[in-house]
Amino acid sequence: MIRHLLSAADLDAGTATMVLDTAAEMAALADREVKKLPTLRGRTVVNLFYEDSTRTRISFEAAAKRLSADVINFSAKGSSVSKGESLKDTALTLQAMGADAVVIRHSASGAPHRLANWIDGTVVNAGDGTHEHPTQALLDAYTMRSRLGRLAGLNVAIVGDVLHSRVARSNVLLLHTLGAKVTLIAPPTLLPVGVDAWPAETSYHLDSVLPDADVVMMLRVQRERMDQAYFPSAREYSRRYGLDVARMRRLPEHAIVMHPGPMNRGMEITPEVADSPRSTIVEQVANGVSVRMAVLYLLLGGKA
Amino acid sequence: MTTYVIKGARILGGQKKDLLIRDGVVAEIGTGLSAAGAQVVDADGLVALPGLVDLHTHLREPGREDAETVETGSRSAALGGYTAVCAMANTSPVADTAGVVEQVWRLGREAGLVDVQPIGAVTVGLAGEQLAELGAMADSAARVRIFSDDGNCVADPRLMRRALEYVKAFDGVVAQHAEEPRLTSGAQMHEGEVAARLGMTGWPAVAEESIIARDVLLAEHVGARLHVCHVSTAGSVEILRWAKGRGIRVTAEVTPHHLLLTDERATSYDPVFKVNPPLRTATDVAALRAALVEGVIDIVATDHAPHAVEDKECEWAYARPGMLGLETALSIVLDVVGDELGWDGIAERMSRTPARIAGLTGHGLEPAAGAPANLTLVDPAARWTVDPAGLASRSRNTPYAAMTLPGRVVATFLHGEPTVLDGKAVK
């Protein structure tokens, strides 16, 4: 097993499948009356969150606790970080406290890579800047597999602000590893220069992609991007790239609609679509806990 | 002053000769030279070059003496074979007045390890709004001739035009950091495949090229000299080639790191590879090497940029851009274009031409009878491994750690006195 999970590219097909299979076992546990496993008893998992993300932090916290780990939540707010302590000094502090794993969320791309140089324990990237969010990609793959029965050969459309999306980067890498075909759909301004080197197709036209899609993943688009001239207006964006009921009807019968959250209802997705039976948005949250349990379990070498 | 006899040095790689150095000048060149009381320097097999001249050095003093001082930077320079460095103006306070440039100039004299030639800021506080008192700096004891807002671009085209025009009065030159700021907001590294993969905001090549294109046209329009700092892209090379073909008075520099390293280095997220302009692609590196050999790019300049540990041991986005260069520059150049340039070409690109651009008349001269004894002795056969802790700079941010490089500076003479002997600084 690998030591850190910094990028979805750290996972080969075998390892990724093992994570998903383990997550399925963890999910079965959730149906039991006692949801806890003793696997990580005595191990310490630190949630080191430099960015507000209640959803991801709670998901990791629940995952670690269900494995009986001791969990320390270290938020940048109200800690010595706000007094100017460097990431390195924080890392050394956590190291001295005996952290076995550090789950880090940070606004700077690559911060988890830096952290991994400074501590002996395991580092799990819980989202770094505009780089990656590998456990999100794992939970998305898990959700696709449980809904559609497979990943190989699936047509996955990822729609929206690819340029600034760590979810998109991790999904492209993982889905490619697992044999799915990814198409990125965005206005040209929101696709990175250099996207041609990614193992994905690109398109500027959502409507032409929908009829063949098994999965449509809508990315959050921040309205502030408008101020940097990425698109003319929120209204024009949602007209061209938003998923509404009319567009949803163009999808094949079996296709699902995903969103990593938090949603901008009315911007990239309409409430009718978000709340439709095709939507897996709530399911994704539940699956997140199982997948993160699997990741912590496998990285920390727990014995069942 | 001590008299020195340098025995068996090959001037620009030619036949072995002895050099008699007395009273700050090369008194005699011949064979079997000796002089009463002279100190003999065994230079058997070493290559003698005119002392190197760096047109682009950050010495950090005043303001960031924890990262570098005029003295420590001067020692780095001497160990790298340099006898003169041009100190960039982005200090704190900014070198935008006669007082600050004179302070830097005086500190350089006191250190006595290289001639420190201050560069003056183009605009007050490097803010790009109002011309600094360029004439006062030119008339000061520091005799400033190069003006640069380096670190910042003089982005306002009208201000740039005026600066180019104004410094003609004292044969000055504006050294432009070519970066259109509206295209590099938040930029972290070269915009391309690697940045896309790493999720870092891109610094597009066009942000450099568009400013160079504008500036060469401005220089032509007002009949002024322009110097372009740290050219980093293949496209910039094409614009410079066009401008020179048209007779525009433009010179350009390339850094050792842009001749060797690519943006792939950022994959480590180690900010020791963060620099401005950023490391580019292998295509750009190849074009820069060819341009340096061809002469479209006139010189190598280090952009030696020391940074304190805390400014580099952090997240990439929070790190300051810049890398050390003085002690490794010659070795990198030998490594990447040594064969194509030859010793004469290296002297041209690293000593004669930068001395001419900077107006440093005592530097960039062949070791010849009567010439000021500013020279360096290089062991072309030596190879050495870069150890950050072994560098004389106060900072450690070299991107070449653990690399083994060719060529080693054995001795450097400044005004007839050694600043480096046996590869070690004498003071």
Side-chain angles (χ1 to χ4, degrees), chain A residues 6-9 50-51 76 81 84-92 104 106-118 123 125 127-134 161-170 172-173 184 190-200 202 227-230, chain B residues 180-209 233 235 262-274 278-284 307-321 396-397 401:
Chain A
L6 305 178
S7 160
Y50 286 84
E51 254 187 6
V81 171
E85 185 175 73
S86 73
L87 178 61
K88 186 174 186 185
D89 286 332
T90 302
L92 297 177
I104 177 172
H106 200 296
S107 61
S109 298
H113 292 71
R114 300 293 286 153
L115 185 66
N117 289 326
W118 295 324
V123 176
N125 181 358
D128 63 326
T130 54
H131 177 226
E132 284 212 45
H133 193 355
D161 186 357
V162 174
L163 178 63
H164 300 98
S165 176
R166 51 194 172 209
V167 175
R169 280 175 182 75
S170 286
V172 165
L173 292 167
L184 301 167
L190 291 177
L191 289 171
V193 168
V195 75
D196 296 347
W198 293 10
T202 55
D227 304 334
Q228 296 138 46
Y230 286 106
Chain B
E180 169 50 57
R182 294 284 290 165
L183 289 173
T184 57
S185 172
Q188 297 295 328
M189 64 174 293
H190 173 65
E191 184 169 37
E193 285 180 15
V194 182
R197 173 157 44 92
L198 298 182
M200 293 215 267
T201 305
W203 199 128
V206 64
E208 173 174 306
E209 293 153 2
T233 80
T262 69
D263 59 345
E264 282 290 346
R265 298 276 170 174
T267 303
S268 65
Y269 287 105
D270 184 344
V272 78
F273 298 109
K274 179 172 174 176
L279 300 177
R280 304 283 186 187
T281 68
T283 306
D284 295 303
H307 286 298
V309 171
E310 67 271 22
D311 291 326
K312 284 292 190 181
E313 277 203 344
C314 58
E315 298 86 332
W316 179 286
Y318 304 161
R320 288 175 181 269
R396 295 287 167 261
N397 55 307

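Throughout, a chain's letter reflects where its sequence line sits, starting with A, and its residues are numbered from 1.
Ala196(B) approaches Pro192(A) most closely through the heavy-atom pair CB-CB, 3.7 Å.
Annotation: maximal heavy-atom pairing with chain A below 4.5 Å, among Pro271(B), Gly199(B), Gly192(B), occurs at Gly199(B).
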Listing needed: what donor-acceptor pairs below 3.5 Å join chain B with chain A?
from, atom 1, to, atom 2, distance (Å)
Ala196(B), O, Arg169(A), NE, 2.6
Ala196(B), O, Arg169(A), NH2, 3.3
Gly199(B), O, Ser109(A), OG, 2.6
Gly199(B), O, Thr130(A), OG1, 2.5
Tyr269(B), OH, His131(A), ND1, 3.3
Tyr269(B), OH, His131(A), NE2, 3.2
Lys312(B), O, Arg114(A), NH2, 3.4
Glu313(B), OE1, Lys88(A), NZ, 2.6
Glu313(B), OE2, Lys88(A), NZ, 3.2
Cys314(B), O, Arg114(A), NE, 2.9
Glu315(B), OE2, His106(A), NE2, 2.7
Tyr318(B), OH, Ser107(A), OG, 3.4

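For Pro181(B), the side chain to side chain contact (heavy atoms under 4.5 Å, CB included) test picks out Ala155(B), with sequence neighbours left out.
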